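Here is how names work: the chains are called A, B, and so on, in the same order as the sequence lines, proteins then strands, and each is numbered from 1. Here the structure is a predicted model, which means the values were calculated and not measured.
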Amino acid sequence: MPELPEVEVTRLSFASAIAGAGVESVRLGKPLRWPLGATPAQLVGQHVRAVRRRGKYLLLDLDQGILLMHLGMSGSLSFSKQQPAPGAHDHFDLQTSRGLLRLHDPRRFGAVVYAPSEDSPEAQKLLGKLGLEPLSADFALDAFRAGLKRRGSAIKQVLLGGQVVVGVGNIYACETLFLAGIRPTLKASRITKPGSIRLHAAIFDVLTRAVAKGGSSLRDFSNAKGENGYFQLEAMVYGREGLPCKVCAKPVRLMRQGQRSTYWCAHCQKA
DNA sequence: AAAAGCCCCTGGATGC
DNA sequence: TGCATCCAGGGGCTTT
């Protein structure tokens, strides 16, 4: 579910509130994607110094080490003083002096992993091969173009892969390619210079606007304060199969690329 | 090194 | 109403 905008919106919704909080207890529900890699006792007594983001991972800086959190397909976080008793899909609780941080994740593709540091093998296994951060100064056009040049697969798959640029999931891949006017099946290495310039700009534009709208709440996404996002209302193609393209009025198409749905407009995306 | 498939898991929508 | 099937915002792992 959550792509970069949803993860960033989540981060912004609790980062300042939790900063400085002391960890009082930890509760584990059903197993997530990986084991925590630490005992609750190792976390209790530490403080959450800051919450950062890398791609779709949240990094909670502790006094000693970091907590990597990933929301998978169905995860969401909540943070507040008063929370109900854990439900069947609440699989991680971090009780702090400022409130309870809770991961709700029905499908359990998400994860909470402790690592001794960001540079540790445990963390680098997950963060090591990630591409450029699209909303940071890191996202240089030249580096982006160089990344595309060495990929022979379809641009849609390359965007989803996260090794060239991070954070672009299925919704935003479809939306950015529409905005850039590029066919989702075009081999990344064959994108023209003007095409790559448009795509680079579209990624920044779409993700920035999505963050401003609070992300996309297709089913049940909400930030750590329980607030929904509204970017889905502005989607040009995602989820709009058969509906008229908002630009040219021809029907939006749906196709499969690597087990994922791709929505696109054959008339507007010809590059 | 890169690319393509395979899974992990649950719930909701759809169809018979 | 019941049951089977398909689909969903991700991504690491294994195999080519």
Taking the inter-plane angle between the rings of A:F79 and A:F14 on a 0 to 90° scale, is it parallel (under 30°), tilted (30 to 60°) or perpendicular (over 60°)? tilted
Please answer: with hydrophobic residues joined when any side-chain heavy atoms are less than 4.5 Å apart, are A:W34 and A:L94 in the same cluster? no
Contact class for A:R260 (heavy atom, under 4.0 Å): base, sugar-phosphate, or nothing? base
If you take atom types as modelled and just measure distance, does the side chain of A:R107 reach the base of C:dA8 with a donor-acceptor pair under 3.5 Å? yes
Any stacking of A:F109 on B:dC9, going by centres under 5.5 angstrom and planes within less than 30 degrees? no
Using a 4.0 Å heavy-atom cut-off, does A:F231 contact any base of the nucleic acid, only the sugar-phosphate backbone, or nothing at all? nothing
Using a cut-off of strictly less than 4.0 Å, decide whether A:K129 has a side-chain nitrogen or oxygen near OP1 or OP2 of B:dA1. no
Whole-Å distance, A:L68 CG to C:dG12 P, equals 11 Å
Round to the nearest Å and state the distance from A:W34 atom CH2 to C:dG10 atom P. 14 Å
A:L71 CG - B:dC9 P separation (whole Å): 19 Å
Under a 3.5 Å distance rule, please check whether A:Q257 uses its side chain to pair with a backbone N or O of A:P184 as donor and acceptor. yes
In terms of the angle between their ring planes, are A:H104 and A:H89 parallel, tilted or perpendicular, with boundaries placed at 30° and 60°? perpendicular
Phosphate OP1/OP2 of C:dG9 contacted by A:Y238 side-chain N/O (<4.0 Å): yes
Rounded to whole angstroms, how far apart are CD on A:Q259 and C1' on B:dC8? 14 Å
Does the ring center of A:F231 lie less than 6.0 Å from the ring center of A:F221? no
Can you see if the side chain of A:R151 gets near the phosphate of B:dA3 - specifically, an N or O under 4.0 Å from OP1 or OP2? yes
Within the pair A:S261 and C:dA8, is there a side-chain N or O less than 4.0 Å away from OP1 or OP2? yes
Quick one: on DNA chain B, does A:G152 or A:H89 contact a more 5' nucleotide (nearest heavy atom)? A:G152
Rounded to whole angstroms, how far apart are NZ on A:K149 and P on B:dA2? 15 Å
Indicate whether OP1 or OP2 belonging to C:dG11 is found under 4.0 Å from a side-chain N or O atom of A:K56. yes
Short side-chain N/O contact to C:dG10 OP1/OP2 from A:R108, under 4.0 Å: no
What is the distance, rounded to the nearest whole Å, between atom CG of A:L160 and atom C1' of B:dA3? 14 Å
Watson-Crick/G-U partner (both atom distances under 3.5 Å) of C:dG9: none
When you get a sec, tell me which of C:dG12, B:dC6, C:dG9 is the closest nucleotide to the side chain of A:D220? C:dG9
Distance check: side-chain N/O of A:H70 vs OP1/OP2 of C:dG10, anything under 4.0 Å? no
Just call it for A:K187: base, sugar-phosphate, or nothing, with non-hydrogen atoms closer than 4.0 Å on any strand. nothing
Whole-Å distance separating the NZ atom of A:K30 from the P atom of B:dC8: 15 Å
In this structure, how many angstroms lie between the P atom of B:dT10 and the CZ atom of A:R33, rounded? 15 Å
Which part of the nucleic acid, if any, lies within reach of A:G162 when heavy atoms closer than 4.0 Å are counted: base, sugar-phosphate only, or nothing? nothing
Does A:H91 put a side-chain nitrogen or oxygen below 4.0 Å from OP1 or OP2 of B:dC9? no
Roughly how many Å apart are C:dG9 and B:dA3, using the C1' atom of each and rounding to a whole number? 23 Å
pair_partner(B:dC9), Watson-Crick or wobble, both distances < 3.5 Å, evaluates to none
Show your working on salt bridge (Lys or Arg N to Asp or Glu O under 4.0 Å) between A:R53 and A:E133 and close with a plain yes or no. CA-CA 10 Å; A:R53 180 188 55 74; A:E133 273 295 332; 3.0 Å; yes
When the aromatic ring centroids of A:F144 and A:F139 are compared, is their separation below 6.0 Å? yes
